[in-house]
Participant: 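There's a structure below that I have some questions on.
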Number of protein chains: 2
Amino acid sequence: MTIQSPIWRSPITSSDRVLLEIQRAIVEGDIPAGSKISEPELARRFDVSRAPLREALARLERCHLIERTPNAGARVVKLSPEGLISLYQLREELEGLACRLAAENMAEKEIEELGALLDQHLNTQRVREGESYYQEEGDLDFHYRIILGSKNAYLINILCDELYFLVRMYRVQLGMNGPRVSRAFDEHKAIIMAIANRDGELADLLMRRHIGASRKNIEIQLQQIRNEHDISN
Amino acid sequence: MTIQSPIWRSPITSSDRVLLEIQRAIVEGDIPAGSKISEPELARRFDVSRAPLREALARLERCHLIERTPNAGARVVKLSPEGLISLYQLREELEGLACRLAAENMAEKEIEELGALLDQHLNTQRVREGESYYQEEGDLDFHYRIILGSKNAYLINILCDELYFLVRMYRVQLGMNGPRVSRAFDEHKAIIMAIANRDGELADLLMRRHIGASRKNIEIQLQQIRNEHDISN
DNA sequence: ATGTTTAATAATGTCGACAATATATGACTA
DNA sequence: TAGTCATATATTGTCGACATTATTAAACAT
């Protein structure tokens with residue numbers, strides 16, 4: 001089961017279904033980055049008419065997974081180092097803010113659940129050593145809850161509905177889930193404590209560092225990939 | 001002429017045209033906040049079929065001007081103190097970041113133009129004393145240029161395409177353009193100088209203060225409106 | 001009179017077809 | 001052979017109609 005937007009519309013229409021399928025396909029690379037989107041083809045493939053398909057495309061554009069040009073159609077976005085940096089610059093600010101607001105606005109119960117979640121992930125990780133998919137999901141779940149805890153509707157929308165699919169796409173397609181597992185747990189723990197102490201300023205700072213560290217880690221891996229690529233050519 | 005998204009699609013389709021018209025109508029209150037959107041009615045009114053109209057609605061949802069529920073239709077958003085605060089919390093972070101990046105990434109020429117723009121606005125404001133519409137437009141233009149100067153595509157998209165219509169809607173409908181004019185000019189001047197000095201940290205700080213001051217000013221006006229409302233009931 | 005159930009009405013979601021635009025193919029020229 | 005132009009093909013943008021769902025109105029019961 002994949003993590004998806006925490007705010008999901010109750011009655012599911014055709015376009016919702018198609019959106020979910022295409023989102024997954026793009027994030028996991030089944031529809032390759034940079035490739036052209038053909039409306040007739042996708043409509044056949046998912047057995048719907050072009051109306052709900054186009055509705056889905058509009059929402060895919062919203063979460064930056066495709067780019068559309070009038071009369072010319074849509075393409076899946078290309079992943080680039082610049083894009084990744086831009087994305088993480090934004091996340092540092094926005095999730096920092098989310099943390100500060102979460103420290104002010106989260107209910108005690110929510111904070112308890114957040115702590116329980118972390119313990120649970122720690123156990124899962126101990127049992128399934130090296131199996132990084134669970135860590136991936138656990139990490140996103142952690143970030144989601146804090147974002148939701150901010151109670152800022154615009155912030156929630158931007159992070160959960162618009163940017164996080166891209167984050168997942170970068171992670172999945174560049175295979176970024178590596179060695180930072182244990183350190184991430186410690187950082188998560190510290191963030192939760194700051195929130196529990198209602199210390200918004202510290203929670204903010206720690207989250208910025210956490211994402212900054214994550215970004216640097218990814219940049220290193222990305223540089224390695226680029227080097228390998230240069231050698232093989 | 002109204003300020004609109006700096007990134008505009010080159011060939012203008014029916015849905016683009018309708019989008020612009022409805023955007024203006026909602027921002028200026030011709031279609032009242034909180035009112036229901038009727039697809040057949042708007043389709044007749046703008047002389048298009050429902051297909052391009054629905055495309056436009058999807059994009060209106062994207063910039064938070066309407067809210068849609070499946071099978072039930074769309075409503076124009078309601079303005080609320082909480083919404084305004086959430087919006088300005090975001091702006092402080094995002095435009096602070098934009099300023100820091102602008103100080104790093106803006107071309108010398110762009111910075112010169114930004115300075116020229118400010119002088120020009122100062123003159124316009126001296127000539128048309130009290131006429132706040134020009135100040136409104138000038139202020140947005142100033143912020144737009146800095147955001148564009150950040151060269152961060154996601155940041156530009158979120159601020160210019162998704163949040164700024166809401167900012168304008170709040171300003172127009174609550175009549176917020178009041179007495180801060182001259183102080184805003186000084187603050188703008190200081191921000192430009194920080195950018196020109198390539199001092200990203202300072203530019204960031206000044207922009208956060210600038211927006212924070214703007215927010216407090218608006219909150220005061222909003223409180224006054226609420227008080228008047230309480231008295232009249 | 002108020003609240004509940006049922007029928008009538010209107011709205012949204014989806015479909016297939018056509019028109020306008022872009023892309024691909026092939027003929028022609030230098 | 002490379003480049004340009006005209007044609008053919010395919011894709012996108014738009015339309016009107018239908019199916020499905022929500023909303024309103026009316027009838028009924030309490």
Side-chain angles (χ1 to χ4, degrees), chain A residues 4-5 7-23 25-26 31-78 161, chain B residues 4-5 7-23 25-26 31-78 161:
Chain A
Q4 62 199 34
S5 174
I7 303 147
W8 200 250
R9 323 198 306 178
S10 9
I12 291 176
T13 66
S14 295
S15 81
D16 288 328
R17 206 201 72 222
V18 173
L19 172 65
L20 280 177
E21 301 209 46
I22 302 182
Q23 251 174 357
I26 291 179
I31 303 176
S35 65
K36 174 128 188 0
I37 297 274
S38 163
E39 292 185 7
E41 186 200 321
L42 283 186
R44 277 196 305 276
R45 181 162 151 190
F46 295 112
D47 199 40
V48 287
S49 91
R50 282 176 53 222
L53 179 77
R54 283 171 65 88
E55 176 85 30
L57 291 185
R59 287 157 71 186
L60 284 170
E61 187 181 26
R62 182 172 170 172
C63 53
H64 306 276
L65 291 182
I66 65 171
E67 284 165 356
R68 302 167 91 187
T69 29
N71 296 322
R75 306 194 77 88
V76 178
V77 294
K78 287 183 199 163
D161 295 344
Chain B
Q4 62 198 35
S5 173
I7 303 146
W8 199 250
R9 322 198 306 177
S10 8
I12 292 175
T13 65
S14 295
S15 81
D16 289 328
R17 206 201 71 221
V18 172
L19 172 65
L20 281 177
E21 300 210 48
I22 304 182
Q23 251 173 357
I26 291 179
I31 303 177
S35 65
K36 175 130 190 352
I37 298 273
S38 162
E39 293 184 8
E41 186 201 321
L42 284 185
R44 277 196 306 276
R45 181 161 150 190
F46 294 112
D47 199 40
V48 286
S49 90
R50 284 176 52 222
L53 179 77
R54 283 170 66 85
E55 177 85 28
L57 291 186
R59 287 157 71 186
L60 285 171
E61 187 180 27
R62 182 171 170 172
C63 53
H64 307 276
L65 291 182
I66 65 171
E67 284 166 354
R68 303 167 92 187
T69 30
N71 297 321
R75 306 193 77 87
V76 178
V77 294
K78 288 182 198 162
D161 295 343

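Numbered from 1 within each chain, the chains take letters A, B, ... in sequence-line order.
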Participant: Identify each atom pair where a protein N or O and an N or O of nucleotides 5-12 of chain D are less than 3.5 Å apart, giving names and distance.
Facilitator:
unit_1, atom_1, unit_2, atom_2, d
D/dT12, OP1, A/Lys36, NZ, 3.2
D/dT12, OP1, A/Ile37, O, 3.2
D/dT12, OP2, A/Glu39, N, 3.3

Participant: Where is the tightest heavy-atom contact between A/Ser14 and A/Pro52, given as atom of each residue plus distance?
Facilitator: CB-CB, 4.1 Å
Participant: Over how many whole Å does the gap from A/Ile12 atom CD1 to C/dG13 atom C1' extend?
Facilitator: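 One finds 15 Å between C1' of C/dG13 and CD1 of A/Ile12, rounded.
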Participant: Please give, in whole Å, the distance from C/dA11 P to B/Leu57 CG?
Facilitator: 14 Å
Participant: Please report, rounded to the nearest Å, how far the C1' atom of C/dT14 is from the CD atom of A/Glu55.
Facilitator: 11 Å
Participant: Looking at A/Arg59 and A/Asp16, is any side-chain nitrogen of the basic one under 4.0 Å from a carboxylate oxygen of the acidic one?
Facilitator: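 Result for this pair is yes, salt bridge flagged.
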Participant: Given D/dT14, is OP1 or OP2 found less than 4.0 Å from the side-chain N or O atoms of B/Ser14?
Facilitator: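 Yes, within the criterion.
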Participant: Between B/Arg44 (CZ) and C/dA10 (P), how many Å, whole number?
Facilitator: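 Rounding to the nearest Å, CZ of B/Arg44 and P of C/dA10 are 11 Å apart.
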Participant: Rounded to whole Å, please give me the gap between CG in B/Leu53 and P in D/dT14.
Facilitator: 11 Å
Participant: Given 3.5 Å as the limit, does a donor-acceptor pair link the side chain of B/Arg75 with the main chain of B/Gly34, or not?
Facilitator: yes
Participant: Just wondering, do B/Glu55 and B/Thr13 contact through their side chains at under 4.5 Å, heavy atoms?
Facilitator: no
Participant: Have a look at A/Leu53 and tell me which of A/Leu19, A/Leu42, A/Ile37 forms a side chain to side chain contact (heavy atoms under 4.5 Å, CB included) with it.
Facilitator: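 One option only clears the test, and that one is A/Leu42.
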Participant: Expressed in angstrom and rounded to an integer, what is the separation of B/Asp47 atom CG from D/dT14 atom C1'?
Facilitator: 12 Å
Participant: Please give, in whole Å, the distance from C/dT12 C1' to B/Glu61 CD?
Facilitator: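 Taking atom C1' of C/dT12 as the reference, CD of B/Glu61 is at 14 Å.
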Participant: Give the nucleotide from the list D/dT14, C/dG16, C/dG13 with an atom nearest to the side chain of A/Ser49.
Facilitator: C/dG16
